[in-house]
Amino acid sequence: MRDLILASTSSARRALMDGLGLPYRTQSPGVDETVAPHLSAKEAVRELAARKARAVHARNPDAWVLGADQLVEVAGETLTKPDNRDAARGQLGKLLGHTHDIHTGVCLVGPGGHVSEAVETARLTFHAVTPDELERYLDLNEWEGCCGSYRVEGAGQALLARLDGDRSNVQGLPMVTVVRLLRQAGFPFFERR
């Protein structure tokens with residue numbers, strides 16, 4: 001049995017991984033998430049996913065470690081996790097009625113120096129909403145800990161006018177890509193336990 005670790009404490013990522021039926025465990029990467037300001041959003045998520053996977057792998061050298069990171073990009077601006085409700089309101093103000101990209105970097109690190117990386121992008125268009133509706137959404141606190149200040153696996157899906165790409169990517173872990181990386185690494189699926 002291969003030891004698979006998800007280098008994340010995200011409940012959304014855990015829920016997606018649970019759906020695969022593969023045994024795995026989670027571990028917080030505990031890394032600095034600061035990246036050089038000159039990096040594009042795609043470059044930043046690739047670097048952060050690798051940093052998280054490598055940090056957990058350094059503590060578990062015989063394990064396979066899956067790291068991921070996500071950023072929202074709108075009109076050339078990268079949005080990270082908001083610090084407070086006002087920051088969330090500002091982020092959503094840039095997204096509502098507009099189209100933006102969400103980039104997720106994924107990195108699988110394994111024994112013997114194995115490294116596989118990918119970046120997936122989904123494009124979302126949000127409805128324009130009234131200021132009152134925006135405040136009601138903010139009241140739900142879904143913005144907490146989320147790049148772009150929304151969760152499509154929750155009430156935030158009511159903001160979506162259009163989604164092009166992998167919905168699981170938007171939720172935090174592009175599962176089509178994850179499955180491809182795991183299959184390439186030789187992970188078996190649908191085994192009886």
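Enclosure of atom CZ in F190 is not indicated, since only 12 or fewer non-hydrogen atoms of other residues, nucleotides or ligands lie within 6.0 angstrom. Annotation for R162: atom CZ does not count as buried by contact number, only 12 or fewer foreign heavy atoms lying within 6.0 Å.
Each of E120, R13, H103 was scored for a side-chain contact (heavy atoms from CB on, under 4.5 Å) with Q70, with one residue passing: R13. Just one residue in the list D101, V72, I102 forms a side-chain contact (heavy atoms from CB on, under 4.5 Å) with L124, and that residue is I102. Partner of V178 under the side-chain contact (heavy atoms from CB on, under 4.5 Å) criterion, chosen from L173, L22, N169: L173.
Every residue meeting the ring pair (Phe, Tyr, Trp, His ring centres under 6.0 Å) condition with Y150, not counting sequence neighbours, appears here in chain and number order: H100, F126.
With hydrogens and angles disregarded, no donor-acceptor distance shorter than 3.5 Å links the side chain of T104 to the backbone of P174.
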E144 vs R151, test: salt bridge (Lys or Arg N to Asp or Glu O under 4.0 Å). Steps then yes/no. CA-CA 9 Å; E144 292 178 341; R151 290 185 193 275; over 6 Å; no
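Among residue pairs with one or both ends in residues 49-79, those qualifying as ring pair (Phe, Tyr, Trp, His ring centres under 6.0 Å) are W64-H114, W64-F187; sequence neighbours excluded.
Between V109 and A53, the shortest heavy-atom distance links the atoms CG2-CB, 3.7 Å. The minimum heavy-atom distance linking V152 with Q157 is given by the pair O-CB, 3.3 Å. For the residue pair T99 and V74, the shortest heavy atom distance occurs at O-CG2, 4.0 Å.
Between R14 and D18 no salt bridge is recorded (no basic side-chain N to carboxylate O distance below 4.0 Å).
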